[in-house]
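Data block below; observations after.
Below, each value reflects all heavy atoms present in this structure, side chains not excepted, and no hydrogens, waters or symmetry copies. Just so you know, ligand 1 is whichever comes first in the structure, and atom 1 is the first atom listed for that ligand.
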Amino acid sequence: MSEEDASVARPSSAAQPQTGEPAARVADASGIPATRIHQDALRVVSRLSRNGHEAYLVGGCVRDLLLGRSPKDFDVATAAHPRQIRALFRNARIIGRRFRLAHVVYGDHIVETATFRTKPPQSEDEEDDPLIREDNAFGTAVEDALRRDFTINGLFLDPLSGKILDYVGGLADLEAGVLRTIGDPVVRIAEDPVRILRAIKFATRLGFRIDEATWSAMIEHAPLLTRSAPARVVEEILRLLHSGTSLGAFRMLRACGALAILLPEIDDYLGRRDDPDPAAHDRADQYWRLLEALDSDVHAGRAPSRALALSVVWLRIVEREAERARTGGSHDPGDLYRAAEVVLDRSAASARLPRKDTAIARKMISDQPRFALGAQNNPRTLLFLREPDLPESLNLLRLRVSAWGQGWDVYEGWLASYEQARALPDDEVARLRNKKRRRRRGRGRGAARSGGGEPS
Ligand code: ATP
Ligand code: MG
């Protein structure tokens, strides 16, 4: 990226900022090869421009292109209103009830095209409440840049002229590797505390340092996360777990106090950092190692399921709960199942985790003691290995083994048995299942004859 004309140039009259608003720093984007920009996004920007509407590529795609990374998606922001976009593109669908934006559809590829937005004016009864509840007023390019979250996400790229427009100091922060809110961090984090999670996501993903003032605001406002929409919070937590940098992200969540607010049981499990007890240190260390194993999976191209990510988060807590519930040194494998039920039901409810995934995570955790016995070649084991979510349980076993660095032979043994069980014809599995059911029923009748197993 070579800078052409720092801090003076203004892009076009439509983007001319109001007095007091920043001017754009315009930089040459010739460092970005045209081939890296998605043709569909280019088409959208071209047609909008040809028809007199200011239009740019915005947000994550500009950031990633400048960093030499592959953007996940290409978003467009424009001065055109949704109905003008609709009039220009037959393949545009207007979506969203409150804030309407257009999806321009090319086969299975969508270019999200949004009209420039501005920060909504605050109503009087909300004056003391910084939380943004609506975000639906149209604005200018500069207003649109200023309402974005971080400077590195606030850059605009005009692919036709090959220029980057920077109203927010994003170019300098990209170069310095700094993550910083646009505007006063105390205000911007309070407006939308989910930005705490987003800051952690971008900082860990890109290896950026979080600017000091932004970090202080994250610490100050972490308690406000309880006021954010749970669905957004859960989505961001799951993103962190799937990022390949979950270890760093969870450490940061803990350091800024967000973990204690969002997942208090995990924070409690990890203990106080200044705890002199070596056992507390080991416990935390084991927890981090499991997250590290999850990250290795991502780097090896094995995208973990949500259930696997959740089981990694909760495994140690469930094991501890089972340990506590155990009486007189008994080691009933059912302990872990019951503990998983208690812990995961409680946390699924309080953190609003997805129920379907927590149910699978519970089974995965409960299956683990069975693996310790080693794979056996009998019908019971074969049926166990044909259970629907068993591959997920094996994935958790693999992560445990790689985290603790022992038990590879056990894992390999189970994997070989799993392959065998999978190769078994379905009718043979059905026959084994029926046989097991008949035997169980027979045992039930026998028990009834001898008094039903009731204590006498
Ligand atoms: P990713 O590569 O993860 O998709 P992204 O930067 O594209 O990263 P998105 O969540 O897709 O992130 O959001 C697109 C853009 O919208 C961001 O780059 C940012 O400019 C803006 N944005 C998203 N969420 C917020 C928010 N909570 N507050 C302000 N601006 C936001
Ligand atoms: Mg995106």
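The main-chain N or O of Arg148 is found under 3.5 Å from a side-chain atom of Arg188 such that the two form a donor-acceptor pair.
Between the side chains of Ser393 and Gln368, no donor-acceptor pair of N or O atoms lies under 3.5 Å.
For residues 31-41, every residue pair satisfying the salt bridge (Lys or Arg N to Asp or Glu O under 4.0 Å) rule, not counting sequence neighbours, is listed here: Asp40-Arg43.
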Got a list of side-chain donor-acceptor pairs under 3.5 Å for residues 253-266, not counting sequence neighbours?
| residue | atom | partner | partner atom | Å |
| --- | --- | --- | --- | --- |
| Arg254 | NH1 | Asp267 | O | 3.4 |
| Arg254 | NH1 | Asp267 | OD1 | 3.0 |
| Arg254 | NH1 | Gly271 | O | 3.4 |
| Arg254 | NH2 | Gly271 | O | 2.5 |
| Glu265 | OE2 | Arg346 | NE | 3.2 |
| Glu265 | OE2 | Arg346 | NH2 | 2.5 |

Show me the donor-acceptor pairs, under 3.5 Å and distance only, between side chains in residues 61-77 and residues at least two apart or in other chains.
| residue | atom | partner | partner atom | Å |
| --- | --- | --- | --- | --- |
| Arg63 | NH1 | Asn153 | OD1 | 2.7 |

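Under 4.0 Å from any atom of ligand 1, one finds heavy atoms of residues Gly59, Gly60, Arg63, Lys72, Arg147, Arg148, Asp149, Asn153, Asp192, Arg195, Arg198, Phe202, Arg205, Arg232.
With respect to Lys363 and Glu392, no salt bridge is recorded, no charged nitrogen being found less than 4.0 Å from a carboxylate O.
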